Every structure is written in C-alpha cells, then in structure tokens.
Amino acid sequence: MRRFSWFNATSLTLGFAFLYVPMIILVVYSFNESKLVTVWAGFSTQWYGELFRNEEFLNAAWVTIKVAVMSSTIATVLGTMAALVLVRAGRFSGRTLFSGMIYAPLVMPEVITGLSLLLLFIGIGLDRGVLTIVLAHTTFSMCYVSVVVSSRLVTFDQSLEEAALDLGCSPFEAFRLVTLPIIAPAVISGWLLAFTLSLDDLVIASFTTGPSATTLPIKIFSAVRLGVSPEINALSTIMIAIVTVGVITASLITKQAAVRQARDERMAERTA
C-alpha cells in the first residue's frame, strides 16, 4: 500500500485550493457592505435585499428554473428510454446511427449545436423563447442521462424482471415495479445532471433565446461586462448553496438506496 507522501498532500491541497478558494472569496464578499467588490468595508446582508428587489434578476431566475425543470424532466424520460433501447434491444437495423445520434452532443461543440438549432427554429418558423430553450437543452442533456442510466442497466439482473413476469406482471408493470425502483438512483442522478447543465448553460441558450426569455447565465454575463456588482456575488452565493444542497441530497438518496438494496438482497438470500 502506498504511503500518503508530502508531495501527494501538497498536490491535493493546491488542487482543492485552486477549485474552492475563489468560491469562498466570492461567498465572503457577498456579505461586504461596500459597493466595491474588492474592498472590504464590513459585514452586511444589504446586497441580498437589493437582489430580491431586482426584478430583472428575479425574472431571469424564474425563466432559468422553469427551463431547467422542464428540460431535465423531458431529457430524463427520453434518455431513459434511449438507454433501454441501447442496452435491451440488442442488434437492430440502424443501431449504429441511433447510438451516434444519442452520443453526438457529448462531443459536439456547443457553438455548433446552438447555431444548428437556431437555423432549425428559423427554418420551421418557431419563435424563439422559453420553448426553444427547453427544446435545445433537452437535446444536449438527454445524452448525459442516457449514459448514466445505461451504465446502471448494463449491470442490472434481468432475472428479477423475468420473475415478475412469471408471477403475472405485464412488461410495463414489471418495469414500473421492479426495474424502475432499482435504477432510480441512476435516473435521479441523470435528472440532477441535466438540471445542472441547463442551469449553467450560456452558449446554447444565447443562440436559442428570444427577447421574452432571458436566462440567468445570459443576464449575469451581460451584467459582468459592465463590471462585477455585489448583487452578482450574492446571486452566485445563493446558486452555490442550492447546488450544494442538491448534491448532498442526491448523495444521501443514492446511499440510502444502496443500503436498502443490500439489505433486501441479504434478506432474499436468507429466505432462499
């Protein structure tokens, strides 16, 4: 077994510092009383109050959350269906083309994806707004859900489904009562990943948005070009807190599901 050397400790410390020290500084200065984000003038929560009175930021946040929830939900459904086809359907005509279309957004530059979707929406005469952003985010986040769910389905014991079918379940009931609860941690992880990608997207949204739908990343980018304000620090701190709570919740759910599954397997072995 390798010893944990000083070099490894130093590398690990510098790596974590590079990732998280800027976030910590941002959180600290979100409570700064001064309007200058680089000058500390005392502790204050006034910028959080200013943020919640800023209608433009609130409207952009509402649009972003609405788009993220809708696109991640649709992407989770479609991505799970695509994963089932890739893992369970075996060899079929057009499988290579189908898998290539599923995984293409993983390696496609976001500029190309956004531009192609923009040309598509213009070609079919669809006005840009919330709907176009949802369709665009669903398109590129569905592949991530498919990858996550596929990795779980590959190790899934299909004899459990066969037992349910032998006991009188229909194929849909077997999937709903047996398969879906077992792969639920992967489905939830895929949804959270799609939600985070939609929440963070700037490039694709800038191509597919319209005057009536401005997402929060676009609003922040536009505001930062004129200078960083304490309100943006406060907004970023809230986003960090939400993402942290989401990650911790997902980890706890996954851990509880794994413990429950291990307990059920032990009970099944004792019964057999």
Side-chain angles (χ1 to χ4, degrees), residues 1 4 12 15-16 19-20 23-24 27 61 64-88 102-103 106 137-138 140-201 236-272:
M1 183 177 179
F4 192 69
L12 186 63
F16 278 111
L19 290 174
Y20 294 107
M23 295 184 186
I24 295 174
V27 172
T64 303
I65 294 174
K66 182 167 58 175
V67 167
V69 170
M70 290 191 294
S71 63
S72 59
T73 302
I74 299 173
T76 300
V77 175
L78 296 179
T80 302
M81 294 171 62
L84 286 170
V85 172
L86 291 174
V87 175
R88 299 285 182 84
I102 292 296
Y103 297 132
L106 286 171
H137 285 185
T138 301
F140 84 87
S141 61
M142 180 181 67
C143 59
Y144 293 92
V145 178
S146 179
V147 170
V148 174
V149 178
S150 295
S151 63
R152 181 63 185 92
L153 286 173
V154 168
T155 60
F156 180 78
D157 187 3
Q158 295 191 34
S159 62
L160 299 175
E161 277 190 2
E162 295 172 357
L165 295 173
D166 292 338
L167 293 173
C169 288
S170 65
F172 177 74
E173 289 176 339
F175 173 79
R176 181 174 62 87
L177 299 175
V178 178
T179 306
L180 188 58
I182 294 176
I183 67 173
V187 174
I188 295 173
S189 299
W191 188 92
L192 289 173
L193 179 59
F195 181 85
T196 303
L197 291 171
S198 176
L199 199 71
D200 183 61
D201 176 66
S236 302
T237 301
I238 294 174
M239 294 177 65
I240 292 173
I242 293 174
V243 172
T244 302
V245 172
V247 170
I248 294 174
T249 303
S251 300
L252 292 176
I253 292 174
T254 304
K255 183 178 180 180
Q256 291 177 357
V259 172
R260 191 183 308 113
Q261 180 181 355
R263 184 177 64 249
D264 294 341
E265 291 176 355
R266 288 194 300 266
M267 293 179 62
E269 292 176 356
R270 292 174 184 175
T271 303

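Owing to the predicted nature of the structure, the values given are computational and were not obtained by experimental measurement. Only this structure's heavy atoms are used, side chains among them; waters, hydrogens and symmetry mates stay out.
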Chemist: Are F175 and L84 close enough that some pair of their side-chain heavy atoms sits under 4.5 Å apart?
Modeler: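 In short, these two side chains touch, coming nearer than 4.5 Å.
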
Chemist: Measure the CD1-OG1 distance between I24 and T237 for me, rounded to the nearest 0.5 Å.
Modeler: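 Going from CD1 on I24 over to OG1 on T237, the span is 11.5 Å.
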
Chemist: Quick one: closest heavy-atom pair of S72 and F195, and the distance?
Modeler: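 Where S72 meets F195 most closely, the heavy atoms are CB-N, 3.6 Å.
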
Chemist: What is the distance from atom CE of M23 to atom OG1 of T244, rounded to the nearest 0.5 Å?
Modeler: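 Answer for the CE-OG1 pair, M23 versus T244, is 8.5 Å.
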
Chemist: Can you name the side-chain hydrogen bond (donor to acceptor under 3.5 Å, both in side chains) partners of S198, sequence neighbours left out?
Modeler: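 Only S71, H137 meet the side-chain hydrogen bond (donor to acceptor under 3.5 Å, both in side chains) criterion with S198.
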
Chemist: Atom CG in L199, atom CG in L192: separation rounded to 0.5 Å?
Modeler: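 Interatomic distance, L199 CG to L192 CG, rounded to 0.5 Å: 11.5 Å.
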
Chemist: Kindly write out the residues that satisfy side-chain contact (heavy atoms from CB on, under 4.5 Å) with R263, not counting sequence neighbours, or none if the list is empty.
Modeler: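 Applying side-chain contact (heavy atoms from CB on, under 4.5 Å) to R263 gives V259, R260, R266, M267.
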
Chemist: Which heavy atom of T76 sits nearest a heavy atom of V187, and at what distance?
Modeler: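 Looking at all heavy atoms of both residues, the closest pair is CG2-CG1, 3.5 Å.
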
Chemist: Could you give the distance from CD1 (I183) to CD1 (I188), rounded to the nearest 0.5 Å?
Modeler: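 Reported to 0.5 Å precision, the distance equals 10.5 Å.
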
Chemist: So do Y103 and L86 actually touch side chain to side chain, heavy atoms under 4.5 Å?
Modeler: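 Yes, side chains in contact.
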
Chemist: Which pairs would a plain distance check flag for residues 143-152, meaning a side-chain donor or acceptor within less than 3.5 Å of a matching protein atom at least two apart in sequence or in another chain?
Modeler:
from: S150; atom 1: OG; to: S146; atom 2: O; distance (Å): 2.6
from: S151; atom 1: OG; to: V148; atom 2: O; distance (Å): 2.6
from: R152; atom 1: NH1; to: T155; atom 2: OG1; distance (Å): 3.2

